[in-house]
There are 2 protein chains.
Amino acid sequence: MSSLRQLEYLVTVADTGSFTRAAERLHVTQPALSHQIRALERSSGGPLLERLPRSVRLTPMGRAMLPHARAALAEAERAKCAALHAAGLLHAELRLSTVYSVSLGVLPPTLRAWRDKHPNVHIRLFEHRHADELRAAMLEGQADLAVGPQPDGWRGPVRELGVEEFVVVLPPGDPAAKPGARTVRLETLADREWVHFAQGHGLADVLDQACARAGFVARAAVRTEQTATAPVLAAAGLGPTLVPSNVLPPGFGGVVLRARPAVRRMLTAYTRDEPDVLTSAFLDTLADTVTP
Amino acid sequence: MSSLRQLEYLVTVADTGSFTRAAERLHVTQPALSHQIRALERSSGGPLLERLPRSVRLTPMGRAMLPHARAALAEAERAKCAALHAAGLLHAELRLSTVYSVSLGVLPPTLRAWRDKHPNVHIRLFEHRHADELRAAMLEGQADLAVGPQPDGWRGPVRELGVEEFVVVLPPGDPAAKPGARTVRLETLADREWVHFAQGHGLADVLDQACARAGFVARAAVRTEQTATAPVLAAAGLGPTLVPSNVLPPGFGGVVLRARPAVRRMLTAYTRDEPDVLTSAFLDTLADTVTP
DNA sequence: GCTCGACATGAGCAGAGTTTATGCGAACCG
DNA sequence: CGGTTCGCATAAACTCTGCTCATGTCGAGC
């Protein structure tokens, strides 16, 4: 009997038209996918996919199989949903804890996707100024799930979501932004006054450490408490600032340059204990919406 | 994500109303089933089955989940069938090799069940007089699947189907058959002339070895080539005989007693290489129809 | 009260599935 | 036309799931 996972792999390869892309989407490596598809083909009695040099197509056999595979997956999903519905009405709240920059940048698309899938699950959001605060609150069991920078020495499941890249924001026409350049060296901004963050704000540490690595101390023209304010102030000419690229709204007016050397932060989701159904469902949504 | 197997386990427990019986039907041990159901319950967020002292019932959650689980299983099955159909394997041929006693006793119900499920697969049956002949023919690749006694030192997959119990057949009113007795000691028949089997017939060896273990040599009143003939001759008074219990037709006229000590034979199905889809489908049918 | 039936639990083990590393062939590019 | 890149297959090692075997627990029935 073929497993659900194998059917899921087949569907994903069919949808993406490529082993490699399917493997990415499924969060497994490409050989693992190759193996499973191969096993499925053995147990089905013949090839399901036609390996072309540039892409992958379904064989007639695969095409015949595909709709039933989709249906089986959908039914399994419905089985779980039905179970959740039958029992989940009691405890349908998910407590989510995070830091300012994440709740502004990464979370909104995820929350929208989640709301579409599970409109009856209420989400309660806790926001913290600093990753350490987040960590401490999670230790006390404030929330079911934390989304934020990698916590040091965390006893419990941690899932890596992806790396955030930080960008320098400058006002239009700033001399440090060479025409056409995509990056900027932090050292060239060593003598500027920066749009900084308030004491205890997580991004204040990020900025300070990045500047320290570049060999200088960032002086503050102004310190803001709100993450979203910094790039607006920077674009208005108060000085450069450094923020995760995903907090910038689409069509943002300022000049945006990747820092060189790169300033990155691993974004993770972590829980105190093994995640329950709701939490792990949210984790999947999170992983799906963050990377692609 | 819950696996297909877990859903199958759930459905079977719901159908049988018991962990133990479900485990038998699924050909796994009861702890394995307990574990999987427990895992499914964990990943579903709550109990699916209510464990009563005498039986097992579904919780509302389990009841909600059940129809979808069935549907998922059915779709997965259809996926495989669709693939087979597309590959043209549904109009295929399955070559089956066996020994006389098996083709008479065990196989007919299996073949009927198979015919109902896959009416388009033609079965070609090869019958052998002795297990060694069967083994040799299989080595040469005569058939896709062999059904017969356990082959010695077989290089390839062997699946145990169950043990055949041999019975002594006597004419009605034979003095060796005590009224109400269900068994008979072979020694008490040591001085009889037996309804024996032809030289080279597999059951001839079985009879000789059983008698040897009981401390005597079975003299032959007559030797028959056909398995079905022996019990008829025995019932007609030519002498006792020893045959697998499953070769006796329902409503057989003679006296049937289990041999003591028991004469048993492990019945197996074996293939040269890993079985293909068709073969393993037949194997499943076989395993299902032989044991219960 | 004792035994028996039925499910739970725990330890140990085999095999499935995954990852990392590497190979191979076809297409693309200079 | 060789070199490079992209995409899938293959090999080997490791991890972890899921199995069996042995044992525990609890209620029912004699």
Side-chain angles (χ1 to χ4, degrees), chain A residues 1-44 46-59 62 76 156-160 274-275 280 284 287, chain B residues 1-44 46-59 62 76 156-160 274-275 280 287 291:
Chain A
M1 170 79 81
S2 52
S3 72
L4 263 190
R5 187 193 329 244
Q6 289 173 342
L7 297 182
E8 188 182 9
Y9 284 10
L10 174 68
V11 167
T12 308
V13 173
D15 285 348
T16 60
S18 148
F19 277 63
T20 310
R21 276 190 298 280
E24 276 170 25
R25 182 179 297 188
L26 292 163
H27 307 111
V28 296
T29 57
Q30 172 263 318
L33 208 160
S34 277
H35 270 147
Q36 289 306 312
I37 293 289
R38 207 174 170 68
L40 183 62
E41 287 179 325
R42 258 204 314 279
S43 86
S44 302
L48 301 170
L49 295 167
E50 197 178 348
R51 278 80 162 172
L52 302 171
R54 208 58 187 164
S55 69
V56 172
R57 268 213 310 262
L58 287 164
T59 63
V158 177
R159 177 149 167 188
E160 305 195 336
E274 278 309 310
S280 60
D284 292 339
Chain B
M1 171 79 80
S2 53
S3 75
L4 265 189
R5 183 188 336 232
Q6 289 173 341
L7 297 181
E8 189 182 8
Y9 284 9
L10 174 67
V11 167
T12 309
V13 172
D15 286 347
T16 60
S18 148
F19 277 63
T20 310
R21 279 191 295 280
E24 276 171 24
R25 183 182 296 186
L26 292 163
H27 306 112
V28 295
T29 58
Q30 171 263 316
L33 209 161
S34 277
H35 273 148
Q36 289 305 310
I37 293 289
R38 208 171 166 68
L40 182 62
E41 287 179 326
R42 259 204 313 279
S43 86
S44 301
L48 301 170
L49 295 166
E50 196 177 348
R51 277 81 162 173
L52 303 171
R54 209 60 187 161
S55 69
V56 172
R57 269 214 309 265
L58 287 164
T59 63
V158 176
R159 176 150 167 188
E160 304 196 338
E274 278 309 308
S280 59
T291 38

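A note on names: the letters A, B, ... follow the listed sequences, proteins ahead of strands, and every chain is numbered from 1.
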Problem - Any donor-acceptor N or O pair under 3.5 Å, side chains A:Q30, A:S34 - result: yes
Exercise for the section: Send over the distance from B:H27 NE2 to D:dT20 P, rounded to a whole Å. Expected result: 12 Å
Handout entry: Shortest side-chain distance from B:H35, nucleotide among D:dA9, C:dG10, C:dA8
Key = C:dG10
Fill in the blank from the handout: Nearest heavy-atom approach of A:D15 to A:R25 is CB-NH1, 4.5 Å
Practice task
Nearest whole angstrom, please: distance from the C1' of D:dC8 to the CD of A:E50.
Solution key: 14 Å
Problem - C:dA8 base / B:Q30 side chain donor-acceptor hit below 3.5 Å - result: yes
Problem - Which residue lies more 5' along DNA chain C, comparing A:A32 with B:L52 via nearest heavy atoms - result: B:L52
Practice task
Write down the distance between CD (A:Q6) and P (C:dA16), rounded to a whole number of angstrom.
Solution key: 11 Å
Practice task
Would you indicate whether the side-chain heavy atoms of B:L48 and B:I37 approach each other to under 4.5 Å?
Solution key: no
Exercise for the section: Could you check whether A:S18 gets within reach of a base, just the sugar-phosphate, or nothing at all, counting any heavy atom under 4.0 Å? Expected result: sugar-phosphate
Handout entry: Atom-pair distance (CZ on A:R38; C1' on C:dT18), nearest Å
Key = 17 Å
Practice task
Can you tell me the distance, in whole Å, between the CZ atom of A:R21 and the C1' atom of D:dC8?
Solution key: 13 Å
Exercise for the section: Tell me what A:T20 touches on the nucleic acid: a base, only sugar-phosphate, or nothing, going by heavy atoms under 4.0 Å. Expected result: sugar-phosphate
Exercise for the section: With the side chain of B:F19 defined as its heavy atoms from C-beta on, choose the nearest nucleotide among D:dC8, C:dC7, C:dG17. Expected result: C:dC7
Problem - Separation of atom CD in A:E8 from atom P in C:dG17, rounded to whole Å - result: 14 Å
Practice task
Please determine, for the side chain of B:Y9, which listed nucleotide (C:dA8, D:dC19, D:dT10) has the closest atom?
Solution key: D:dC19
Exercise for the section: Would you please confirm or rule out a distance under 4.0 Å between OP1 or OP2 of D:dG7 and any side-chain N or O of A:R51? Expected result: no
Completion exercise
Separation of D:dT10 atom P from A:L33 atom CG, nearest Å, is 14 Å
Handout entry: A:Q36, nearest nucleotide to its side chain (from C:dC7, D:dT10, C:dG17)
Key = C:dG17
Handout entry: Minimum-distance pair of heavy atoms, taken over all atoms of B:Q6 and B:A39
Key = NE2-CB, 3.6 Å
Handout entry: Nucleotide C:dG17, atom P - distance to CG of A:L7 in whole Å
Key = 12 Å
Exercise for the section: Could you check which of C:dC7, D:dT20, D:dA9 has an atom nearest any side-chain atom of B:P31? Expected result: D:dT20
Exercise for the section: Show your working on side-chain contact (heavy atoms from CB on, under 4.5 Å) between B:L26 and B:E8 and close with a plain yes or no. Expected result: CA-CA 9 Å; B:L26 292 163; B:E8 189 182 8; 4.1 Å; yes
